[in-house]
Amino acid sequence: MQYNSIEDFVIQQLGLLNLERDAEIAESRRLQENISAKQLQEKGVCILNLVVQGIRSGLYGRTIITFGCKLAGKELPSSNLSSGDIVGIFPNSSASQLEKDQICSGIVSCLKSSTIEIALDTDCDNVDLNDNDCYKLLQLANSVTYRRLKVGLNSLKNYQGPAASLINTLFGGQLFSSASLSLPPVLLGYDNDLVWFNKNLDHSQKEAVEFALKQREVAVVHGPPGTGKTTTVVEIILQTVKAGGRVLACAPSNVAVDNMLEKLVANSSVKAIRLGHPTRMQEAIQNRSLDAVLSNSEARSIVNDVRRDLDAQLKQITKTKKRGPIFSEIKNLRKELRERETKAVKEVLSHANVILTTLTSATQEGPLKHLPPDHFDYVVIDECSQSTESACWLALTRAPRVLLAGDHFQLPPTIISPEAERKGLGLTLMERIINRKEDGNLCVRMLTTQYRMHRDIMQWASNQLYHGKLEAHPSVASHLLLELPGVEENEDTGTHFKCLLKPHIKKNEGDLHEDC
Ligand SMILES: Nc1ncnc2c1ncn2[C@@H]1O[C@H](COP(=O)(O)OP(=O)(O)OP(=O)(O)O)[C@@H](O)[C@H]1O
């Protein structure tokens, strides 16, 4: 599918997002209406019998409530809730889990074995929760993501900004130009070749890096499993930074963003900041979160003074019946905190040369709103083939050039509505580019050496999906499980390939191993 214009794309995607949203709401209603709270708890989407254990302020003065079991220290029942989930807070005694009974909603910001912290939505700031009452939390359909996607799509209609030319290119213009950019001299060695940060890159990785750096607007790195896609993306980011560029590096999932960050920070020349709640990040890189960098910045002490006052007032709320004056004091302190924090955030972000975030947090609602529209030179999207195109556009409007990396033969984005899927919500930008007959493939470089599996395991996928182009690196080409440290030798670990069921595949079909 190709779109006639950006307007055509926006109209279609808005319709498909509505279908997807309706499907998600119907699914969550079906659960809430037909199942008791206890059964919902058993399904892992509800936690009952919680009491308020603390109230404090979070970033931008948001109220954070800590809930725990009535019996202090007792472990919470196991659930599927995790950081970033949207939850509704209900009186424990309410007969239903319908919206009319909901006190307020928020985001799970931290989940430990005996406590769960909820960052309340900003319109719930003055909500009344009591020390003595019992509450239940219920996972809700995620309306925030849909709202952000819609705002993002609508902003494309009359867009004027750094990505104006990129938009034309991706909706009809010429994707590939043979007049590529020349590499900035600062990146070149005495022999006029790129000086590599990662000296171990293989031939196809080096070719992809050089190609991406020379592309005027769009480059796609197609990385089959284990071929070093993220390794390659990180080299491209490092080279861009060395040339003086500022990069917005995104991915659809927190894990993928963290993988990029982990590889990036191994290089000390990069000032990288990760947006998003620290509890959603792997521990080793939490010190690169905006929160952590802010709390180590010089601006910390002026912010902390106000925060201390605000927290003192918040503690009073649950302990007194005369709340009017406290709420008004809290309102003033929150305003003050927001102003001071905004200044500090601006300062910290403008000094970073790489900012990393999930796609759905790359919106104007978040910290990026503090940067000028033309702040970034380059947008990088890793695991692009696992994201819908509308989510990619949340980031794409921020720079004139883009690098997309992924593998459209691996997991596609998750779509709940079969109708939305059928009508194109699942078509990724990467596929749309590759499928463009005239010039799609000219923008793509494929990585061809894989560093993960035995050559016989690789061969089937290579033949079926990658035109037989994959090679196994010698370090893995014949490796077996038993060669890993601490793995015992037995009939399972001493072989690279074991068929559990006899497949109904004719010999040679799909080039499966002959013994199978
Ligand atoms: N040129 C290289 N030399 C040695 N090892 C490499 C090279 N490139 C990548 N690797 C290793 O291969 C593994 C996979 O790399 P990476 O995570 O970058 O690949 P990927 O294609 O992004 O993976 P995935 O398939 O999970 O998306 C890592 O252990 C990495 O260190």
Side-chain angles (χ1 to χ4, degrees), residues 193-213 219-240 247 249-267 270 272 274 281-282 284-285 354 356 358-359 380-387 392 403-414 428-431 434 444-455 457-462 464-467 469-481 483-485 487 496:
D193 279 346
L194 265 175
V195 179
W196 301 100
F197 284 89
N198 182 346
K199 308 268 183 284
N200 295 326
L201 293 183
D202 63 48
H203 176 71
S204 68
Q205 292 170 335
K206 284 183 174 172
E207 203 195 354
V209 172
E210 209 163 326
F211 173 75
L213 294 173
V220 177
V221 173
H222 177 199
T227 51
K229 182 171 41 61
T230 308
T231 305
T232 307
V233 164
V234 164
E235 178 76 22
I236 296 168
I237 295 176
L238 291 171
Q239 297 283 357
T240 307
V247 181
C250 308
S253 69
N254 281 300
V255 175
V257 176
D258 286 351
N259 284 343
M260 269 192 286
L261 180 54
E262 213 170 15
K263 288 191 162 84
L264 263 178
V265 295
N267 190 293
V270 158
R274 166 78 155 91
M281 303 168 200
Q282 289 159 24
I285 40 159
V354 186
L356 299 102
T358 54
L359 285 165
V380 169
I381 306 180
D382 197 5
E383 304 289 9
C384 173
S385 44
Q386 287 176 32
S387 166
C392 289
L403 167 70
L404 306 174
D407 179 12
H408 49 298
F409 295 125
Q410 291 181 56
L411 279 182
T414 309
T428 64
L429 176 59
M430 183 163 159
E431 269 178 294
I434 291 177
V444 185
R445 288 295 176 273
M446 183 174 139
L447 307 179
T448 52
T449 302
Q450 65 81 20
Y451 296 82
R452 191 165 287 147
M453 57 197 121
H454 193 287
R455 74 162 75 79
I457 300 175
M458 172 206 75
Q459 203 56 54
W460 180 83
S462 178
Q464 294 296 309
L465 303 171
Y466 306 109
H467 304 289
K469 286 185 183 161
L470 289 190
E471 283 171 13
H473 189 261
S475 60
V476 298
S478 56
H479 77 168
L480 299 174
L481 273 180
E483 290 163 22
L484 292 173
V487 176
H496 59 283

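Numbering of ligands and ligand atoms starts at 1, following listing order. Positions are given from 1, in the same order as the sequence printed here.
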If every non-hydrogen atom of M430 is compared with every non-hydrogen atom of G406, which pair is closest and at what distance?
-> CE-O, 3.2 Å
Of all heavy-atom pairs between Q205 and N200, which one has the smallest distance, and what is that distance?
-> OE1-O, 4.5 Å
Near ligand 1, at a heavy-atom separation below 4.0 Å: residues by chain and residue number = N200, L201, D202, Q205, P224, P225, G226, T227, G228, K229, T230, T231, K263, E383, Y451, R452
Those residues at least two apart in sequence (or on a different chain) that pass side chain to side chain donor-acceptor pair (under 3.5 Å) with T428 are E431
Ignoring hydrogens and geometry, is there a side-chain-to-backbone donor-acceptor pair from S204 to T448 under 3.5 Å?
-> yes
Aromatic ring pairing Y466/F409, orientation class (parallel under 30°, perpendicular over 60°, tilted between) | perpendicular
Are E383 and Q410 close enough that some pair of their side-chain heavy atoms sits under 4.5 Å apart?
-> no
